[in-house]
**Student:** 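First, the structure itself, so that you have it in front of you.
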Amino acid sequence: LLEAGPDDHRFNIKFPGGLVGLIQNPKLNWMFWTEPQPQLANRKMYCPRGKTLGGSSSINAMCYVRGHASDYDRWAALGCDGWSFDEVLPYFKQSEHFEPQGLAPEIERLHGREGLLNVSDRVHADNPLSSAFLAAAVEAGYAVNPDLSRSAPESVGRYRVFQKDGQRHSNAAAYLHPIRQRPNLTVLTGTQATRVLFDGTRASGVAYQLQGREQQAVARREVVLSAGAIQSPQLLLLSGVGPRQELARHGIAVTHELPGVGENLQDHLDIFVSWRARSRVGFSLRPSCWWRTLKGLLLYVFKRRGEMTSNLAEVGGFIKSADSEAIPDIQWHFLPSLNTNHAFELSRIFKSYGYSVMNYFLRPYSRGRVTLASADPLAAPRIDFNYGSDLRDLKALVAGIRKTRAVLEQPALAAHRLDEVEPGAEMQSDEQLLDWVRHHAETAYHPVGTCKMGSDAAAVVDARLRVHGLTGLRVVDASIMPTLVGGNTNAAATMIGEKGAAMMLEDARLA
């Protein structure tokens with residue numbers, strides 16, 4: 001196992017309250033930036049990605065969400081045999097050690113209790129602002145959903161989290177750490193893969209850099225790329241696998257022409273609605289909150305309890321941007337703090353208490369691409385999400401703002417409400433809100449699709465995740481999703497890992 005970043009045995013990874021610091025940590029985060037986005041005021045957009053064992057599961061907000069069953073049925077309809085919801089459900093269940101007990105039978109049957117990845121309720125009660133948001137949503141007419149990871153009509157509820165005993169439970173903690181001592185496993189950190197090696201059209205190994213020197217690892221059976229939607233296509237391109245024109249541009253010899261490599265990039269684009277709070281129950285860095293923060297930190301350090309176990313995005317829901325939508329197409333994450341714009345604007349929470357609702361459109365129409373900046377394997381790739389190239393994506397966020405405002409104006413939040421700071425009460429017309437979205441929308445951290453699964457001319461891998469036209473090479477990560485699922489992507493990526501592993505065992509006749 002080759003990992004470019006360091007080991008993940010760090011306090012701020014295990015500590016849920018360390019989430020804000022991880023978003024700006026260059027040792028644990030690739031901290032990529034996109035190309036200027038023409039439809040979003042020509043802005044370069046921040047694109048954080050995990051750079052440690054566990055990847056982005058070691059730096060994310062830990063929300064357990066699967067998406068809608070129809071998302072996976074759509075994959076099957078697109079030619080991905082074996083990937084309908086009923087067919088992937090066993091792998092979701094296989095991955096889970098689902099802690100909550102006493103749920104309704106129709107919920108229990110969707111979850112597994114024997115898996116390695118811990119899914120739990122948070123050990124600390126909701127922040128009072130989170131509870132008030134749920135109450136306000138009920139006042140606005142939304143039902144409460146006891147399990148936000150299942151497919152359901154419009155509803156709100158509490159997110160379950162990838163935590164164990166009050167600590168982050170990443171994919172590395174679940175799957176890797178228990179087997180680190182196996183004699184047939186070598187884990188190299190600080191080791192960046194630079195290209196796949198080939199013997200003709202068969203993947204024979206991987207070249208990598210360790211302490212500034214290129215070395216090679218030879219594969220007896222298969223090479224598996226799990227570098228994510230940004231770097232799996234980058235590695236294929238560096239290896240001569242991809243669009244001929246793109247490879248020629250960088251002087252890379254063609255190993256195998258595959259036009260879809262790096263194409264089909266998708267992501268959830270989000271927009272915040274934020275209010276300053278009259279109350280002081282949310283998270284802030286104002287002096288009046290320092291003693292509470294210190295007490296919470298001590299409680300966490302000594303007992304793994306208290307409000308510092310919060311993942312911030314404690315509650316939320318799934319709603320429709322319009323009544324005509326068949327299923328919910330907007331996801332809410334409520335935060336008991338002001339939006340800090342990926343922690344670039346932490347000064348906001350030094351100045352004020354507040355609360356925010358993140359809205360993102362779940363099934364975007366826009367498609368982008370990942371290409372090479374140069375043939376240098378250590379150079380960051382060029383990332384162009386092409387956000388907003390389909391206007392429907394941006395209009396859905398405008399609808400989300402209006403739906404969010406309707407909840408935040410309910411009586412349940414009256415004791416906390418002071419004034420709206422984002423977009424601001426003066427922003428009322430569709431034109432004003434669309435302009436606000438263009439200047440302030442950001443990533444929700446869910447890139448997928450750049451090595452898409454399928455059988456069409458643009459597909460990169462087949463339904464068994466084998467790279468088309470090559471042998472001994474698979475891609476097993478979120479890049480294989482043909483379309484984005486309607487929710488946070490960690491659970492779906494883990495399911496892909498479980499199903500991919502089963503396929504490798506079957507194909508090697510080891511199952």
**Student:** Is a side-chain donor or acceptor of K320 paired with a backbone partner of P153 at a separation under 3.5 angstrom?
**Tutor:** no
**Student:** Do side-chain atoms of Q24 reach the backbone of H342 as a donor and acceptor pair under 3.5 angstrom?
**Tutor:** yes
**Student:** Would you name the heavy atoms of L148 and V65 that are closest together and state the gap between them?
**Tutor:** O-CG1, 4.4 Å
**Student:** Quick one: does R122's side chain have a donor or acceptor within less than 3.5 Å of a partner on S310's backbone?
**Tutor:**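 Not confirmed, R122 side chain does not pair with S310 backbone.
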**Student:** Will you find, in the side chains of D8 and T52, an N or O donor that is under 3.5 Å from an N or O acceptor?
**Tutor:**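 No.
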**Student:** Return yes if a side-chain donor-acceptor contact under 3.5 Å exists between H111 and D147, otherwise no.
**Tutor:** yes
**Student:** Report yes or no: is the cationic atom of K403 (NZ for Lys, CZ for Arg) closer than 6.0 Å to the six-membered ring centre of W332, at no more than 45° off its axis?
**Tutor:** no
**Student:** Using the ring of Y64 (Phe, Tyr or Trp, six-membered ring only), decide whether R66 places NZ or CZ under 6.0 Å from its centre and within 45 degrees of its axis.
**Tutor:**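 The answer is no, since R66 fails at least one limit relative to Y64.
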**Student:** For N118, does its backbone N or O pair with a side-chain atom of H169 as donor and acceptor, under 3.5 Å?
**Tutor:** yes
**Student:** Would you indicate whether E106, at its atom CD, is surrounded by more than 12 heavy atoms from other residues, nucleotides or ligands within a distance under 6.0 Å?
**Tutor:**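 Atom CD in E106 is packed in, count exceeds 12.
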**Student:** Just by distance, with hydrogens left out, do N339 and S274 show a side-chain donor and acceptor under 3.5 Å apart?
**Tutor:** no
**Student:** Looking only at heavy atoms, which two atoms of S95 and Y175 are closest? And how far apart?
**Tutor:** CB-OH, 3.3 Å
**Student:** Mind running side chain to side chain donor-acceptor pair (under 3.5 Å) on D477 and S479 for me, showing each step along the way?
**Tutor:** CA-CA 5 Å; D477 59 30; S479 71; 2.5 Å; yes
**Student:** Atom CZ in F85, atom OG in S70: separation rounded to 0.5 Å?
**Tutor:**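 Atom-to-atom, F85:CZ and S70:OG are 10.0 Å apart.
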**Student:** So that I know where these two stand, are F133 and Y355 an aromatic pair - ring centroids less than 6.0 Å apart?
**Tutor:** no
**Student:** Quick one: do Y353 and H416 satisfy ring-ring contact (aromatic ring centres under 6.0 Å, His included)? Show the steps, please.
**Tutor:** CA-CA 10 Å; Y353 290 86; H416 305 286; over 10 Å; no
**Student:** Is there a donor-acceptor contact under 3.5 Å from the side chain of R168 to the main chain of N60?
**Tutor:**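 Side chain of R168 to backbone of N60, a donor-acceptor pair under 3.5 Å: yes, one is there.
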**Student:** Determine, stepwise, if the pair W83 / M453 fulfils side chain to side chain contact (heavy atoms under 4.5 Å, CB included).
**Tutor:** CA-CA 10 Å; W83 291 85; M453 172 173 52; 3.3 Å; yes
**Student:** Please give me the minimum heavy-atom distance between P146 and R160, naming the atom from each residue.
**Tutor:** O-NH1, 3.0 Å
**Student:** Grab the two heavy atoms, one from H446 and one from D267, that are nearest each other, plus how far apart they are.
**Tutor:** N-OD1, 2.9 Å
**Student:** Sub-3.5 Å donor-acceptor pair from the side chain of N264 to the main-chain atoms of P482, do we have one?
**Tutor:** yes
**Student:** Verify, without hydrogens or angle tests, whether S170 (side chain) and A173 (backbone) share a donor-acceptor contact under 3.5 angstrom.
**Tutor:**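 A pair under 3.5 Å: yes.
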**Student:** How about F11: does its CZ atom have over 12 heavy atoms from other parts shown lying under 6.0 Å from it?
**Tutor:**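 Result for CZ/F11: enclosed.
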**Student:** For I330 and S321, work out which heavy atoms get closest and say how close.
**Tutor:**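 So the two residues come closest at CG1-CB, 4.0 Å.
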**Student:** Does a donor on one side chain sit under 3.5 Å from an acceptor on the other, for R150 and N145?
**Tutor:** yes
**Student:** Where do A478 and V448 come nearest, in terms of heavy atoms and distance?
**Tutor:** O-CB, 3.3 Å
**Student:** Between atom OG1 of T194 and atom CD of Q215, what is the distance when rounded to the nearest 0.5 Å?
**Tutor:** 10.5 Å
**Student:** Checking side-chain contact (heavy atoms from CB on, under 4.5 Å) between H268 and each of L362, N359, T443, which is the one that passes?
**Tutor:** L362
**Student:** Could you go through the side chain to side chain contact (heavy atoms under 4.5 Å, CB included) check for M45 and E442 one step at a time?
**Tutor:** CA-CA 7 Å; M45 312 285 284; E442 293 287 343; 3.8 Å; yes
**Student:** Taking atom CZ as the centre, does R74 end up with more than 12 heavy-atom neighbours from other residues, nucleotides or ligands that are less than 6.0 angstrom away?
**Tutor:** no
**Student:** Side chain to side chain contact (heavy atoms under 4.5 Å, CB included), that's the test. Do V315 and V156 meet it? Break it down for me.
**Tutor:** CA-CA 7 Å; V315 301; V156 296; over 6 Å; no
**Student:** Can you tell me if Q231 uses its side chain to pair, donor with acceptor, with the backbone of G228 under 3.5 Å?
**Tutor:** no
**Student:** Determine yes or no for a side-chain-to-main-chain donor-acceptor pair under 3.5 angstrom, with E96 supplying the side chain and G112 the backbone.
**Tutor:**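 Present.
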**Student:** Quick one: do R113 and E108 make a salt bridge, cutoff under 4.0 Å?
**Tutor:** yes
**Student:** State the CZ-CG distance between F162 and N488, to the nearest 0.5 angstrom.
**Tutor:** 8.5 Å
**Student:** Please check: side-chain N/O of E422 versus main-chain N/O of F272, any donor-acceptor pairing under 3.5 Å?
**Tutor:** no
**Student:** Quick check for you: to the nearest 0.5 Å, what is the distance between D419 atom CG and R276 atom CZ?
**Tutor:** 4.0 Å
**Student:** In Å and rounded to the nearest 0.5 Å, what is the CD1 to CG distance from I349 to L285?
**Tutor:** 4.0 Å
**Student:** Please list, chain by chain and in numerical order, all residues satisfying side-chain contact (heavy atoms from CB on, under 4.5 Å) with R464, sequence neighbours excluded.
**Tutor:**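 R464 satisfies side-chain contact (heavy atoms from CB on, under 4.5 Å) with D462, R466, R474, M503, E506, D507 once adjacent residues are dropped.
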